[in-house]
Amino acid sequence: MFTLENTIYLWTAIGIIIFPILLRITAPYGRHTTRNWGPMISNNLGWIIMEFPSLLLMPLLFFLSPGEKTWVSWIFPLLWIIHYANRTFIFPLRIRTKGKQMPLLIAIMAIGFNLMNGSINGLYLGNHAQNYTAEWLTDIRFMIGLLLFIGGMAINWQSDTILINLRKPGEKGYKIPYGGMFRWISCPNHFGEIIEWTGFAILTWSISGLAFAIWTAVNLIPRALDHHRWYRETFEDYPADRKAVIPFLW
Ligand code: NDP
């Protein structure tokens, strides 16, 4: 039957099935950009239009869905907005990619991805909002999830900042990043993002949060592996003991 729950299970299953395929495809944006994927658009504009649907949809659908809202449940759209306000407006204004482009197709696929994740989280959490009473704040799942969310976000922001600052204004090339969690892995921004959404899944204890955490890993682990391979091929002096995305493991 076509229900929100079944849609979320199906979406999660698609993510798991697609993972081994994505491990074999290099997503063509950033350093891996090619012109073989059709028309191109400005990289900075691409980021804004890709991420905006998520920023808008999750809080809107949460608000509009019929479940009775407790004040605790409003923490979920608030955390979402903090993340997506950065990703939609602040991040694209900070990155030093002036003149660079990305395939329009990547932006369209990312819009689809964000429409789906924003909608299922807004609808599911909005419809179940009445379950999150004041006791939820002292529930171990909320406390651990929130710690992971904040810690993951801090790692993500710190790592993105280190990467952005590698270029002086006007520069377009790549350098070896050092500092923060780059000591252990090539892509701590991706690692931080995976931890962040795992935390969101735990703090909401929801299938919609879990679906998004799985999809984030499905997207970002292959990307981090591609970046890691690229670093090792590009820089002879690349630190040999650095892993790709999970410290000491992978
Ligand atoms: P990257 O690490 O590829 O790039 C981040 C920025 O830093 C880009 O502007 C890039 O420039 C620049 N940069 C990266 N490495 C270097 C380097 N060695 N030297 C100089 N500049 C560098 O990140 P992504 O583009 O993959 O992702 C950006 C953010 O979006 C991340 O925080 C990621 O976690 C998040 N994201 C989340 C997804 C999800 O599913 N939730 C999906 C995709 C991204 P350039 O563009 O020129 O390479």
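One-based numbering, in listed order, for ligands and for the atoms of each.
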If you measure from each non-hydrogen atom of [X] to ligand 1, which part falls under 4.0 Å: side chain, backbone, both or neither?
{"X": "Lys172", "answer": "neither"}
{"X": "Trp47", "answer": "side chain"}
{"X": "Phe91", "answer": "side chain"}
{"X": "Asn156", "answer": "side chain"}
{"X": "Glu193", "answer": "side chain"}
{"X": "Leu163", "answer": "both"}

Does [X] have more than 12 heavy atoms from other residues, nucleotides or ligands lying within 6.0 Å of its [atom1]?
{"X": "Lys168", "atom1": "NZ", "result": "no"}
{"X": "Glu68", "atom1": "CD", "result": "no"}
{"X": "Arg183", "atom1": "CZ", "result": "no"}

Please list the nearest protein heavy atom to [atom] with its residue and the distance rounded to 0.1 Å.
{"atom": "atom 1 (P) of ligand 1", "value": "His227 NE2, 3.7 Å"}
{"atom": "atom 26 (O) of ligand 1", "value": "Arg223 NE, 2.5 Å"}
{"atom": "atom 15 (N) of ligand 1", "value": "Arg31 NH2, 2.7 Å"}
{"atom": "atom 42 (C) of ligand 1", "value": "Leu220 CD2, 3.6 Å"}
{"atom": "atom 32 (O) of ligand 1", "value": "Asp160 OD2, 2.7 Å"}

Could you list which atoms of ligand 1 come closer than 4.0 Å to a heavy atom of [X]?
{"X": "Leu166", "value": "17 (C), 18 (N), 19 (N), 20 (C)"}
{"X": "Lys175", "value": "17 (C), 18 (N), 19 (N)"}
{"X": "Thr216", "value": "40 (O), 41 (N)"}
{"X": "Phe113", "value": "40 (O)"}
{"X": "Lys100", "value": "47 (O)"}
{"X": "Tyr29", "value": "25 (O), 43 (C)"}

Between [X] and [Y], is there shared hydrophobic-cluster membership here, with clusters defined by ILVMFWY side-chain heavy atoms closer than 4.5 Å?
{"X": "Leu64", "Y": "Phe52", "answer": "yes"}
{"X": "Leu137", "Y": "Leu147", "answer": "no"}
{"X": "Phe212", "Y": "Ile82", "answer": "yes"}

Short N-O contact, Asp160 and Arg87, less than 4.0 angstrom: yes

SB check Glu193 Arg223 (cutoff 4.0 Å): no

Phe200: ring pair (Phe, Tyr, Trp, His ring centres under 6.0 Å) partners, not counting sequence neighbours: Trp80, Trp197

Note, Ile202 side chain near Leu148 side chain (heavy atom, < 4.5 Å): yes

Sub-4.5 Å side-chain heavy-atom contact between Thr198 and Leu210: no

Selected option - heavy-atom contact closest to [atom], from [options]:
{"atom": "atom 20 (C) of ligand 1", "options": "Gly192, Gly173, Pro92, Pro188", "answer": "Gly173"}
{"atom": "atom 6 (C) of ligand 1", "options": "Ile95, Asn219, Asn189, Thr234", "answer": "Ile95"}
{"atom": "atom 11 (O) of ligand 1", "options": "Lys98, Glu51, Arg167, His190", "answer": "Arg167"}

Fellow cluster residues of Phe182, listed by chain then number, with links counted only when side-chain atoms sit under 4.5 Å apart: Ile162, Leu163, Leu166, Tyr174, Ile176, Tyr178, Trp230, Tyr231, Phe235, Tyr238

Could you establish whether [X] and ligand 1 come within less than 4.0 Å of each other, counting only heavy atoms on the residue side?
{"X": "Glu171", "value": "no"}
{"X": "Trp215", "value": "no"}
{"X": "Arg87", "value": "yes"}

Atom 4 (O) of ligand 1 touched by protein heavy atom at under 4.0 Å: no

Give me the ring orientation class for [X] and [Y]: parallel if the planes are under 30° apart, tilted from 30 to 60°, perpendicular past 60°.
{"X": "His32", "Y": "His227", "answer": "tilted"}
{"X": "Tyr124", "Y": "His128", "answer": "parallel"}
{"X": "Trp74", "Y": "Phe63", "answer": "tilted"}

Short N or O distance, Tyr174 and ligand 1, threshold 3.5 Å exclusive: yes

